[in-house]
Amino acid sequence: MMIQQWLQPSLTRKLMALFFAVFFCAVCGLTYFSYTSSRNAMFQEFKIRGRTLAKTIASEARTHYQEQDMEGLTSLFQSLGEGEDVVAILAYRPSQSLWMEFSGIQLTPEDLTLSEHGEAWQHDRVLHQGYRVSEFGSIVTDSSNQAKSTGVASVRQAGSVRIFLDRSALERRLGTLISETLAMSLLTLLCGGGLFILLLKRSLHVIGPLTEATKKVAEGDLHTTVPVSSHDELGELAKCFNSMTEQLLQTTVSKNYVDNVIRSMTDILIVVNPDGTIRSINHAALNLLGYEEQELVGHHAAMLFPPHENPLSETQYQEILTQGSIQQCAATYLAKDGRSFPVLLSAAVMQNEEGIMEGIACVAKDVTELKQEAEQLRLQGTALESAANAVMIMDRIGRVTWVNPSFTALTGYSPEEVIGHNIRNLTSGRQDQPFYQKQWQTIMSGKVWHGESTNRKKDDSLYTEEETITPVRDRNGRISHFVSIKQDVTKRKQAVETMQDAHQKLKALDQLRSQFFADISHELRTPLTVIRGEAEVTLRGKEKPISEYRSTLERIVQLSSQMNKLVGDILFLARSESGTLQMELKPTLLMPLLEDVRQETTILAQTRSMTITLEGSSNNVTVQGDTERLKQLFMILTDNAVKYGRKDGAIAIRLETSDREAQVTVTDDGLGIPDSDLPHVFKRAYRVWRGRPSAVGGAGLGLPIAKWIAEAHHGTISIASTITRGTTVTVRLPLPTSAASQSGDAVGHTVHSTQRN
Amino acid sequence: MALAGAFVLWLWTTLAHADPIAVIVNTHNPHTSLSATAVASMYRGETLHWPGDDRIKLVNREISAEERKTFYLRVLNAKPDQVFYRQGTPIPVQSVIERSDEAVVRFVGAIEGAIGYVNLSRLKDINDSQVKVILIIENP
């Protein structure tokens, strides 16, 4: 494992390991070869030396044997046995008994026993003392005449010599040889290995950077160069690599770049194989669809679409193949949990260099939000379009960019007429310059402006609008648009004005009423006080004459009737105002009625010696009216004339007719009414000259009642007066048309009074 | 008891009265006497030649011999099986091994450059005129 791990990553190491294996085997083999050959040589030499030595000793010793020359033999042994490894030399007689022992070590009798019989022999043995020796032996031939005579064939043995050569020296030398050989081998290994590593590194050192660079290129970093330091094949390789990366950089888009593009794509990217199975899918798609990558890759793409909406169905598929791509077709993706996404799908056929289809790349954009937003916008747009209020959108220099139909309805300008124009052209100029400046400052400072202004419609009529202008900020917080919402408040304004008028009137009326009640209560209390006073004064003290009681009672009766009249008037007015007073309108002859009035007035006027005259152009003037009320009306007029007329004066009642109406005038020659009071005389409880004596009396109710009655008869009443000359009151009553008079004769009808002032 | 006492007495006399060793050379040898040191240097392989360039031929007894034991102990200050090497070389000092005093005397008497050692009393018994004693090693 360790070796594998160590070997795996580096080519250099592999080469080194290979080299070392081969080199080591070679060196070992060589070592072994040289060692064995050396050893063999050494053995051979050893043996040859031993044999030669034995033979030499045997041949040299021949003469010494013949002559039994021990000294010569000893010298021979001494000279020949001076080799370092000669342990002992033994000479034997023919009877194989020891003749001479020449040795440096102790030899036991067993060692000394000669058992060999050949001409020459050799073998290794271990002596009893532990010495490891090689024994070389040779017989000593007799070269005397005796031998010659017996012939060549029979060689006479003169004796034998044995030499013990020390093997330990040989073995030491062998050991030395081994260690030397091993040392040399090791040295060779080290030197050769070192040299090889050096050379290998020198020639392969480009591989390291090249590997690093290749890794970088594989990771997408194409800005990588490898230093070119040699001119061999590897240098060539580095050069080629550099030019390859340059070309890659120049001509192709970086894979890393494409990967990043795909990774950062928020759209769905699915690559489909020609057979319809999914080849790869990007992260955004997995996120959106909720699948894991292994759940999709290799499966058919149809699982991503609803069954009837597969854009990669047969027909579509053929279309894609023929056209090469489809653009922006709406499709639906089916997520894992069953939800479906509306998407815009674009697909393109990927072809390799030979033009064979490799797959289809489908890019789809999730348009759920877009659709929702569009729907939202459509709703909001519709809401704005259908809003009752006029909505206008302006840009930041006041140019109109959009208006809704209500705006057209309000101003009369169609959208085409205003869009693109400045809003200032639509202002009426009714407001002063500071108004617009303030408005502009408010909205430009980002605040909402709310106010009313009067503008001009297209048809030049003016209208009042209530306007709210809201500034709209863009993403940078800068004001980009203004939204103006307008409401026509012209009618409301008019209504308010009307109401204010009515309020004023009501207030005045209320004041009048208060005044009236104050006056009336005064009018009522005065006679009551007088009545109580008269009664108390009369009852106090002693008895008085009957005449005094009588006169007191008469005054009380007078005052009571005066009060009765007053209360009656008030009731009449109250009824008339509450609408409960009923009048029966029927044809009434005016002259007899006026005659009655004249007579009654005459009675009243006796005390003041006034004359009353009645003049009439025609006796049969008939009006539709209530006899009682009409009489009351004229009685009020004549009564006033009596009251305010000059003593001994004359009162004239005159009846005139025209085409449509009858006119009754009551004229006196009395005090008259000042011009300033004339407009007020028909108001209730209005008294001219309040300081007049109470004898003249009156609560100021007569003329209002008269006016009410006249108007209840669809008539009018007017007064003209000249101070100190007298007053003329004119009553005009409509004459019935012929048709009306005919029908009116038969059926009377009731007029419900309406409340008037 | 008496027997044991007699044995001890014999043993003591045997050991105490061991015979001296005589170092002998050929009568033709010019030397008349040698120091023990000179003899030792010969047997140790330090001296190889007699004056006059004649090789010294050493004669030894077998290791088990009493004479060799005494000689090695007294002269060479070594055990009888000690192997000496020629000075400065790994060549062992070799000698002619004779297995009796008579053989030693005969060898030394026959060969001029030889030197050997024998029991002095045995030498007297043999009485060979071809050898002469140049050193006597007392054996206490």
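Since the structure is predicted, the reported quantities are computational estimates derived from the model, not experimental observations. Side chains included, hydrogens not; waters and symmetry mates left out as well; all remaining heavy atoms used. Below, chains carry the letters A, B, ... as their sequence lines are ordered, and counting in each starts from 1.
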Proximal component of [X], with respect to chain A [non-hydrogen, under 4.5 Å]:
{"X": "B:Val93", "result": "backbone"}
{"X": "B:Ile56", "result": "backbone"}
{"X": "B:Thr89", "result": "neither"}

Can you check whether [X] reaches [Y] side chain to side chain, under 4.5 Å on heavy atoms?
{"X": "B:Ile134", "Y": "B:Ile115", "value": "yes"}
{"X": "B:Val118", "Y": "B:Val131", "value": "no"}
{"X": "B:Asp125", "Y": "B:Asn119", "value": "no"}
{"X": "A:Arg125", "Y": "A:Leu127", "value": "yes"}

Original post:
How would you list, by chain and number, every residue that makes a side chain to side chain donor-acceptor pair (under 3.5 Å) with A:Ser38, sequence neighbours excluded?
Top reply: none

Got more than 12 heavy atoms from elsewhere within 6.0 Å of [atom1], [X]?
{"X": "A:Phe33", "atom1": "CZ", "value": "no"}
{"X": "A:Arg132", "atom1": "CZ", "value": "no"}
{"X": "A:Met184", "atom1": "CE", "value": "no"}
{"X": "B:Lys132", "atom1": "NZ", "value": "yes"}

Subject >> Portion of A:Val87 that has a non-hydrogen atom of chain B nearer than 4.5 angstrom >> reply: backbone

Subject >> Heavy-atom proximity to chain B below 4.5 Å, by part of A:Leu112 >> reply: side chain

Subject >> Test of ring centre spacing under 6.0 Å for A:Phe23 and A:Phe19 >> reply: yes

**OP:** Go through B:Gln82, B:Glu98, B:Lys57 and name the one with the most non-hydrogen pairs under 4.5 angstrom from chain A.
**Re:** B:Lys57

Original post:
How would you list, in number order, the residues of residues 59-71 of chain B that have a heavy atom less than 4.5 Å from chain A?
Top reply: B:Ile63, B:Ser64

Original post:
Who in residues 106-114 of chain B is close to chain A, using a strict under-4.5 Å heavy-atom cut-off?
Top reply: B:Phe107, B:Ala110, B:Ile111, B:Glu112, B:Gly113

Original post:
By salt bridge (charged side-chain N to carboxylate O under 4.0 Å, His left out), which residues pair with B:Arg86, not counting sequence neighbours?
Top reply: A:Glu82

Original post:
Can you tell me if A:Ser37 and A:Asn40 form a side-chain donor-acceptor pair at under 3.5 Å?
Top reply: no

